[in-house]
Protein chains: 2
Amino acid sequence: MPQYDYIKDGDAIYAKSFAIIRAEADLARFSPGEAELAVRMIHAAGSVEAAEHFEFGPGFVDAAKAAMAGGAPIFCDAEMVARGITATRLPAENEVICTLRDAQTPVIAAEIGNTRSAAALRLWLPRLAGSVVAIGNAPTALFFLLELLRDGAPKPAAILGMPVGFVGAAESKAALAEHSYDVPYAIVRGRLGGSAMTAAALNALARSGI
Amino acid sequence: MPQYDYIKDGDAIYAKSFAIIRAEADLARFSPGEAELAVRMIHAAGSVEAAEHFEFGPGFVDAAKAAMAGGAPIFCDAEMVARGITATRLPAENEVICTLRDAQTPVIAAEIGNTRSAAALRLWLPRLAGSVVAIGNAPTALFFLLELLRDGAPKPAAILGMPVGFVGAAESKAALAEHSYDVPYAIVRGRLGGSAMTAAALNALARSGI
């Protein structure tokens with residue numbers, strides 16, 4: 001019968017994974033704090049090459065960490081992003097909020113002629129100021145966030161713009177990097193992104209050690 | 001002020017995404033049913049290149065679809081996989097079960113000297129026969145599943161083996177493909193995988209059209 005030889009200790013698996021990533025990845029262009037996020041995003045993606053597409057705007061890590069430490073809510077565009085956050089490690093029992101399945105969301109979507117992922121952001125407005133925004137799935141959500149900011153919405157403390165896909169993902173992230181309305185941002189350029197990478201970045205930000 | 005020009009209709013975004021994927025991806029080696037899964041997994045990954053690593057064992061699509069149509073429970077190793085499944089589209093109101101946060105799981109983990117992700121599978125045993133198993137995160141869960149099957153556990157109807165990462169992921173998936181205990185399987189070879197691709201495969205299987 002087959003014998004399976006594998007590491008069964010979670011901490012040892014993490015340590016070995018991060019050692020492999022640091023040995024293989026080119027992290028030289030990142031600050032130490034950015035590199036810490038990059039390692040965990042690479043880990044979530046299972047791809048060292050993904051890091052070529054990571055881009056951290058000026059002040060992103062400090063702004064996001066300060067907001068989280070100060071108890072800012074974390075707004076997520078997708079349930080999978082929210083579910084990927086390790087709530088017990090958040091620095092201030094921060095609320096993690098996804099309004100995609102709110103009963104008002106489809107009503108707003110019909111009203112504004114946009115996706116439910118975009119419409120869900122309307123419900124963030126009362127608490128958007130100083131929050132941490134994590135878009136890990138829908139390009140339309142990121143585009144709509146930019147439209148809200150353009151039209152005078154309160155500014156979040158930091159934006160993780162990491163939607164994934166083939167239609168609008170690259171464009172929405174490029175638009176954020178080009179004009180973020182002075183909000184510090186992190187993006188994954190191009191098609192890559194997704195809920196796992198986004199949640200990994202949030203979990204890295206939640207750690208005190210960076 | 002910036003104008004953002006983007007598609008705001010969800011169905012149109014899907015249609016355009018799938019058209020891009022079918023134009024760019026090499027799907028020739030897949031059956032029509034496998035190709036349908038591959039397109040949706042590529043979509044979730046944001047990467048056409050990921051498809052090079054997809055491998056569907058004989059009979060996988062039919063076995064998984066039949067089990068789901070027959071009401072089989074879907075066991076997931078991670079909350080993110082479970083959360084990524086579109087419950088309303090499941091063919092038989094299938095239960096989606098993740099036992100990672102069950103109170104017994106850490107107790108079992110300590111007892112068996114393995115991760116919580118692996119230990120959680122012990123709680124699947126009473127309903128494992130004929131189920132659909134989706135491992136989208138932890139290599140230890142997939143290795144432990146293989147050990148359970150080796151030791152005589154009831155057989156699921158189909159196994160999605162798609163854990164992601166740098167330690168054990170490639171090895172656990174290769175082990176499944178080498179000896180699946182006659183259970184039809186799908187894997188993503190190497191380091192790639194993850195909850196989004198796994199949930200996308202399940203959502204594709206849930207569709208009646210394939």
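All values below were derived from every heavy atom in this structure, side-chain atoms included, with hydrogens, water molecules and symmetry-related copies excluded. Per chain, numbering begins at 1; letters A, B, ... match sequence-line order.
- When side chains are defined from C-beta on, B:Arg191 counts as touching A:Val48, because their heavy atoms get closer than 4.5 Å.
- Proximity to chain A at a heavy-atom threshold of 4.5 Å picks out B:Arg150, B:Val164, B:Gly165, B:Phe166, B:Val167 from residues 148-168 of chain B, in numerical order.
- Taking 4.5 Å as the limit, some side-chain heavy atom of B:Tyr6 sits within range of a side-chain heavy atom of A:Asn114.
- To the nearest 0.5 Å, the span separating OG1 on A:Thr140 from CG on B:Asp9 amounts to 10.5 Å.
- The contact between B:Ala44 and chain A is made entirely by backbone atoms, counting heavy-atom distances below 4.5 Å.
- A:Ile20 touches chain B through its side chain: at least one heavy atom from C-beta onward sits under 4.5 Å away, while N, CA, C and O do not.
- The neighbour count for A:Arg116 CZ, taken as heavy atoms of other residues, nucleotides or ligands under 6.0 Å away, does not exceed 12.
- Comparing A:His43, A:Lys16, A:Glu147 by heavy-atom pairs within less than 4.5 Å of chain B, the highest count is held by A:Glu147.
- With a 4.5 angstrom heavy-atom cutoff, B:Glu79 touches chain A via backbone and side-chain atoms both.
- Contact of B:Glu24 with chain A is made through the side chain alone, with heavy-atom distances under 4.5 Å.
- A:Met80 CE to B:Ile85 CD1: the interatomic distance, rounded to the nearest 0.5 Å, is 9.0 Å.
- Of the inter-residue distances, the one linking B:Leu176 atom CG with A:Tyr4 atom OH reads 8.5 Å to the nearest 0.5 angstrom.
- A pairwise comparison of heavy atoms in A:His179 and B:Pro2 identifies ND1-CG, 3.6 Å as the closest pair.
- Highest contact tally toward chain A, considering only B:Leu146, B:Ile112, B:Ile7, is held by B:Leu146 [criterion: heavy-atom pairs under 4.5 Å].
- Within a 6.0 Å sphere centred on CZ of B:Arg89, heavy atoms belonging to other residues, nucleotides or ligands number 12 at most.
- Contact of B:Ile13 with chain A is made through backbone and side chain together, with heavy-atom distances under 4.5 Å.
- If you measure heavy-atom distances from B:Ile42 to chain A, the contacts under 4.5 Å come from both the backbone and the side chain.
- For A:Ala45, the part lying under 4.5 angstrom from a heavy atom of chain B is the backbone only.
- The environment of OH in A:Tyr14 is sparse: at most 12 heavy-atom neighbours from other residues, nucleotides or ligands sit within 6.0 Å.
- Most heavy-atom pairs under 4.5 Å with chain B: of the set A:Thr115, A:Val81, A:Asn137, this distinction falls to A:Thr115.
- Both the backbone and the side chain of A:Phe144 have a heavy atom closer than 4.5 Å to some heavy atom of chain B.
- Of all non-hydrogen atoms in B:Gly46 and A:Leu192, the two that sit nearest each other are O-CD2, 3.8 Å.
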